[in-house]
Amino acid sequence: MDCINCSNTNCLIKKHSNNPELEEFLAEKHRFKVAKGQSFIIEGAPVHGLFFVYKGKVKMVKTGINGREQIVRLVNNGEVVGHRSFGVGEYYQIGAVAIEDSILCSFTKKMLRDTLQTNAKLTYDFMTFYSEELNRSETKVRKFAQMTVRERIIDAILYIHRKFKQSKGWLTLELSRRELADFAGTTEEQSIRMLSALKSEGLIKVDGRKIGILDLKKLRSEISEHNYYLDS
DNA sequence: GCATTAATTGGTC
DNA sequence: GACCAATTAATGC
């Protein structure tokens with residue numbers, strides 16, 4: 001329950017949890033569960049705070065014009081959710097949905113604002129984090145503009161591999177074909193066809209929603225000229 | 001078990 | 001490469 005004992009060593013708050021100045025702030029932390037498929041941040045809803053994934057996996061989504069949704073980011077244990085809406089505007093411009101049953105930590109907007117205004121070290125880490133996020137977001141723009149569907153699907157798979165790793169030869173994050181398409185910026189049919197193409201080429205293996213990478217080198221080499229696989 | 005959702009395939013623009 | 005339609009497989013209740 002205490003941040004100090006949390007196993008998410010990558011968590012921003014965890015890193016500062018031994019600072020006595022933050023005692024009051026940490027005491028105001030809330031923790032709650034969300035079920036698979038549940039959206040706990042809704043586009044257009046008023047901003048009420050900042051979330052951290054304690055355990056589980058989450059997708060950040062943005063709804064497009066014709067109801068098509070775009071997965072903006074995939075979130076793992078220890079990562080921040082809802083930071084983009086913090087400080088600016090009153091309403092979320094983005095939604096968050098649990099990919100699997102998850103446990104979240106949350107802080108209210110007020111507590112966070114008060115704390116950041118008095119604690120420079122924490123604020124600095126936040127700033128660094130925002131900077132990295134902006135960087136990632138910028139390279140993503142180029143990626144979508146220049147890569148083919150095949151390359152985007154491969155990139156998505158490699159991204160999941162980097163971030164969520166494999167266990168016993170299978171990626172630990174399972175997405176539906178539609179979710180994979182929403183993440184790679186294409187349609188469900190394309191993601192289906194691309195998966196079977198990559199499978200028949202012996203680059204990956206597929207079993208239902210499970211995907212396993214068989215030839216990491218070849219996959220990487222296909223998108224190497226874009227050099228985007230370096231970002232995480 | 002039935003009903004909704006997901007995956008697949010083929011075809012058209 | 002997107003959109004649509006038809007079929008089948010999987011999954012929820």
Side-chain angles (χ1 to χ4, degrees), chain A residues 32-45 53 55-76 94-104 137-161 163-216 218-229 231:
Chain A
F32 62 98
K33 288 181 186 172
V34 287
K36 177 182 179 180
Q38 189 179 341
S39 58
F40 57 94
I41 295 180
I42 296 165
E43 267 179 277
V53 178
K55 190 175 185 306
K57 294 174 178 66
V58 168
K59 59 177 177 180
M60 306 301 299
V61 299
K62 193 135 180 85
T63 312
I65 329 154
N66 37 15
R68 282 270 307 280
E69 82 176 12
Q70 166 80 65
I71 296 182
V72 175
R73 192 167 71 107
L74 294 168
V75 186
N76 209 351
I94 195 169
V97 183
I99 296 175
E100 55 185 49
D101 291 351
S102 304
I103 301 172
L104 304 174
S137 150
E138 283 170 351
T139 58
K140 206 174 213 175
V141 172
R142 287 190 308 173
K143 180 162 82 188
F144 270 76
Q146 295 174 4
M147 288 177 121
T148 65
V149 166
R150 180 185 170 96
E151 289 168 334
R152 273 182 270 152
I153 291 282
I154 291 177
D155 186 73
I157 292 172
L158 291 176
Y159 173 83
I160 294 169
H161 177 248
K163 186 157 181 171
F164 297 90
K165 312 295 180 196
Q166 288 199 134
S167 167
K168 293 170 185 161
W170 299 100
L171 294 174
T172 61
L173 176 71
E174 294 178 18
L175 296 179
S176 69
R177 303 293 193 263
R178 169 160 290 287
E179 286 172 320
L180 183 63
D182 290 340
F183 185 53
T186 182
T187 60
E188 187 178 7
E189 294 92 329
Q190 288 279 20
S191 75
I192 288 169
R193 290 180 168 121
M194 209 49 75
L195 283 184
S196 49
L198 294 173
K199 182 184 175 184
S200 64
E201 290 171 37
L203 299 178
I204 62 170
K205 55 178 178 175
V206 178
D207 178 19
R209 290 190 178 187
K210 292 207 294 284
I211 296 174
I213 292 178
L214 295 178
D215 198 334
L216 191 57
K218 268 192 183 170
L219 289 175
R220 276 182 178 160
S221 71
E222 275 209 42
I223 60 165
S224 62
E225 56 186 297
H226 296 282
N227 255 7
Y228 296 138
Y229 71 91
D231 102 59

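A, B, ... follow the sequence lines: proteins, then strands. Residue 1 opens every chain. Bear in mind that the values here come from a model prediction, so they are computed numbers and not experimental data.
Under the rule for a side chain to side chain contact (heavy atoms under 4.5 Å, CB included), the partners of A:Ala181 that lie at least two apart in sequence or sit in another chain are A:Thr186, A:Ser191. The side-chain hydrogen bond (donor to acceptor under 3.5 Å, both in side chains) test applied to A:Ser39 returns no partner, not counting sequence neighbours. Looking at residues two or more places apart in sequence or on another chain, you find a side chain to side chain contact (heavy atoms under 4.5 Å, CB included) between A:Thr172 and A:Lys57, A:Phe164, A:Ser167. The side-chain hydrogen bond (donor to acceptor under 3.5 Å, both in side chains) test applied to A:Thr63 returns A:Glu43, not counting sequence neighbours. For the side-chain hydrogen bond (donor to acceptor under 3.5 Å, both in side chains) test, no residue two or more places apart in sequence or in another chain qualifies with A:Arg177. Applying the side chain to side chain contact (heavy atoms under 4.5 Å, CB included) rule to A:Lys210 yields the partners A:Trp170, A:Glu174, A:Asp207; only residues at least two apart in sequence or on another chain are considered. A search for side-chain hydrogen bond (donor to acceptor under 3.5 Å, both in side chains) contacts involving A:Lys59 returns A:Glu179, not counting sequence neighbours.
At the heavy-atom level, A:Arg68 lies under 4.0 Å from the strands shown only through sugar-phosphate atoms.
Between A:Asp207 atom CG and B:dT8 atom P there is a gap of 11 Å when expressed in whole angstrom units.
Here side chain to side chain donor-acceptor pair (under 3.5 Å) pairs that include residues 197-206 of chain A, with residues two or more places apart or in two chains, are A:Arg150-A:Glu201. Note on residues 186-195 of chain A: pairs passing salt bridge (Lys or Arg N to Asp or Glu O under 4.0 Å), not counting sequence neighbours, are A:Arg178-A:Glu188.
Boundaries of the chain A contact region on DNA chain C are C:dG1 to C:dC4, first to last in 5' to 3' order (nucleotide atom under 4.0 Å from a heavy atom).
With A:Gln166 contributing its side chain and A:Ile213 its backbone, the two residues share a donor-acceptor pair below 3.5 Å.
Within residues 180-196 of chain A, the residues having any heavy atom under 4.0 Å from DNA chain C are, by residue number, A:Thr186, A:Thr187, A:Glu189, A:Gln190.
For the helix from B:dG1-C:dC13 to B:dC13-C:dG1, the rotation axes defined at the first and last 5 base pairs enclose an angle of 10°, given to the nearest 10°.
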